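Here the structure is a predicted model, which is why all the values come from computation and not from measurement. Atom set for the values below is all heavy atoms of this structure, side chains included, hydrogens, waters and symmetry mates excluded.
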Amino acid sequence: MPDTVLKLSDIDSSRLNNLLNKYQLKLVIVHDENIPGSYWGDAEAGLIGNKLYARLDTPIHSIMHESCHYICMDNQRRAKLDTNAEGDYDEENGVCYLQILLANDIPEMLQGRMMTDMDSWGYSFRLGSTQKWFEQDAEDAFNWLKKHHLLTQNKPNFQLRQ
């Protein structure tokens with residue numbers, strides 16, 4: 001894991017909790033153990049139902065990515081969610097776009113840091129960087145979020161996909 005990415009221990013977790021609560025998600029911090037519901041294992045965030053599990057060494061981009069999967073999935077998948085968020089290519093792009101938008105709600109992160117951390121972690125986009133993708137090639141992701149009523153006036157509206 002790159003040491004340069006922002007981790008849960010680096011931020012005020014109360015602000016993150018406030019953000020997640022807007023989406024009916026509960027942050028559960030685990031200590032010195034495997035993270036329940038983690039698809040990738042190690043320090044990666046996990047999802048089971050409306051609980052997002054993380055350790056203090058969990059990267060914020062991982063917490064936000066898994067949170068955005070919860071936000072972007074439909075009610076049927078959300079009701080049976082345990083570890084694997086599933087989703088298709090278009091939803092995955094929507095998840096990445098939304099996690100960048102929501103980064104501005106975490107003062108220690110903001111959009112620029114989110115995109116840098118995503119690059120450091122190994123997210124890959126056609127144009128070679130998260131920022132280039134977000135600024136030049138993400139119209140489909142933006143439109144997907146609008147189609148599913150997750151944005152209002154080009155900003156997150158704190159609604160779950162129905």
Side-chain angles (χ1 to χ4, degrees), residues 5-8 10-29 37-39 44-54 58-119 121 123-127 129-162:
V5 299
L6 196 68
K7 297 173 186 68
L8 182 56
D10 299 325
I11 70 161
D12 177 354
S13 64
S14 66
R15 290 183 176 167
L16 177 61
N17 262 319
N18 290 339
L19 173 61
L20 297 180
N21 285 337
K22 290 177 183 179
Y23 287 107
Q24 303 163 23
L25 268 166
K26 177 175 173 45
L27 177 64
V28 179
I29 300 173
S38 178
Y39 184 79
E44 296 293 321
L47 276 173
I48 301 175
N50 72 331
K51 292 185 175 76
L52 188 134
Y53 294 89
T58 299
I60 297 302
H61 70 82
S62 175
I63 291 169
M64 295 308 298
H65 190 82
E66 295 306 313
S67 298
C68 290
H69 268 297
Y70 182 84
I71 295 163
C72 289
M73 67 179 55
D74 61 30
N75 285 329
Q76 185 177 14
R77 282 189 14 242
R78 203 177 293 116
K80 61 180 181 148
L81 177 59
D82 186 346
T83 308
N84 187 353
E86 301 175 2
D88 60 18
Y89 176 83
D90 292 332
E91 182 179 304
E92 183 69 25
N93 284 339
V95 163
C96 290
Y97 196 95
L98 185 59
Q99 82 182 80
I100 294 167
L101 291 179
L102 288 173
N104 280 342
D105 286 56
I106 303 169
E108 300 91 344
M109 175 61 85
L110 305 177
Q111 287 182 358
R113 177 68 187 261
M114 176 63 79
M115 290 186 272
T116 299
D117 283 6
M118 289 170 74
D119 287 343
W121 201 253
Y123 289 73
S124 62
F125 296 99
R126 288 184 294 236
L127 297 181
S129 79
T130 305
Q131 183 172 354
K132 285 181 184 176
W133 169 78
F134 184 76
E135 293 173 351
Q136 302 171 25
D137 193 34
E139 185 176 347
D140 58 335
F142 174 80
N143 289 335
W144 188 92
L145 292 167
K146 293 286 280 186
K147 174 184 171 188
H148 292 288
H149 311 288
L150 299 173
L151 301 177
T152 301
Q153 297 180 356
N154 305 333
K155 294 182 181 179
N157 59 17
F158 308 108
Q159 301 294 313
L160 297 172
R161 177 180 169 193
Q162 299 304 307

Take atom CD in Q111; do more than 12 heavy atoms of anything else shown fall under 6.0 Å from it? yes

Is any side-chain heavy atom of Q162 closer than 4.5 Å to one of N75? yes

Check whether more than 12 heavy atoms from other residues, nucleotides or ligands sit under 6.0 Å from atom NZ of K146, and answer yes or no. yes

Atom OG1 of T130 and atom CG of D137: how far apart are they, to the nearest 0.5 Å? 12.0 Å

Closest non-hydrogen atoms of N93 and W133, given as atom of the first, atom of the second and distance, are O-CH2, 3.6 Å

Kindly compute the distance separating CG (N50) from CG (L25), expressed to the nearest 0.5 Å. 6.5 Å

Measure the shortest side-chain to side-chain distance between F134 and L101 over non-hydrogen atoms and say whether it is less than 4.5 angstrom. yes

Taking all non-hydrogen atoms of both residues, which atom of K22 and which atom of D105 are closest, and how far apart? NZ-OD2, 4.3 Å

Can you confirm whether D10 sits close enough to E108 that some side-chain heavy atom of one is under 4.5 Å from a side-chain heavy atom of the other? no

Main-chain N/O of R161 paired with R78 side-chain donor or acceptor, under 3.5 Å: yes

Counting C-beta onward and ignoring hydrogens, is there a side-chain heavy-atom pair between F158 and I71 closer than 4.5 Å? no

Is Y53 close to T58 at the side-chain level, that is, under 4.5 Å between some pair of heavy atoms? no

Start with the C-alpha gap between E92 and H69, add the side-chain angles, then the distance that decides, and say whether side-chain hydrogen bond (donor to acceptor under 3.5 Å, both in side chains) holds. CA-CA 8 Å; E92 183 69 25; H69 268 297; 3.1 Å; yes

Kindly indicate, with the supporting measurements, whether the criterion side-chain contact (heavy atoms from CB on, under 4.5 Å) is fulfilled by C72 and W144. CA-CA 10 Å; C72 289; W144 188 92; 3.7 Å; yes

What heavy-atom pair brings S13 and L8 nearest, and what distance separates the two atoms? CB-CD1, 4.1 Å

Under 3.5 Å, is there a donor on one side chain and an acceptor on the other for R15 and N18? no

Check P156 against L151 and note the closest heavy-atom contact, atom names and distance. N-CD2, 3.7 Å

Output for pair (I48 CD1, T83 OG1), nearest 0.5 Å, gives 5.0 Å

Compare all side-chain heavy atoms of V95 with those of H65 and state whether any distance is below 4.5 angstrom. yes

Hey, could you give me the CG/OG distance between D119 and S129, rounded to the nearest 0.5 Å? 5.5 Å

So D117 and I60, do their side chains get closer than 4.5 Å, heavy atoms only? no

Considering non-hydrogen atoms only, spot the tightest contact between A45 and S62 and give its length. N-OG, 2.9 Å

Ignoring hydrogens and geometry beyond distance, is a side-chain donor-acceptor pair present between E44 and S38 at under 3.5 Å? no

Heavy-atom nearest pair, Y70 first then Y23, reads CE2-O, 3.5 Å

Does the pair Q99 and Y123 meet the rule for a side-chain contact (heavy atoms from CB on, under 4.5 Å), with working shown? CA-CA 13 Å; Q99 82 182 80; Y123 289 73; 3.7 Å; yes

For the pair H61 and M114, evaluate side-chain contact (heavy atoms from CB on, under 4.5 Å) and give the outcome as yes or no after the intermediate values. CA-CA 6 Å; H61 70 82; M114 176 63 79; 3.6 Å; yes

Apply the test side-chain contact (heavy atoms from CB on, under 4.5 Å) to residues M64 and M109: give CA-CA distance (whole Å), side-chain angles for both, the deciding distance (0.1 Å), then the verdict. CA-CA 11 Å; M64 295 308 298; M109 175 61 85; over 6 Å; no

Nearest 0.5 Å, please: how far is CG in L145 from CG in D90? 10.5 Å

Is there side-chain contact between E91 and R77, with at least one heavy-atom pair below 4.5 Å? yes

Look up atom CG in L20 and atom CG in L102, then write down how far apart they are to the nearest 0.5 Å. 9.0 Å

Does atom OH of Y39 have more than 12 heavy-atom neighbours, drawn from other residues, nucleotides or ligands, at distances under 6.0 Å? no

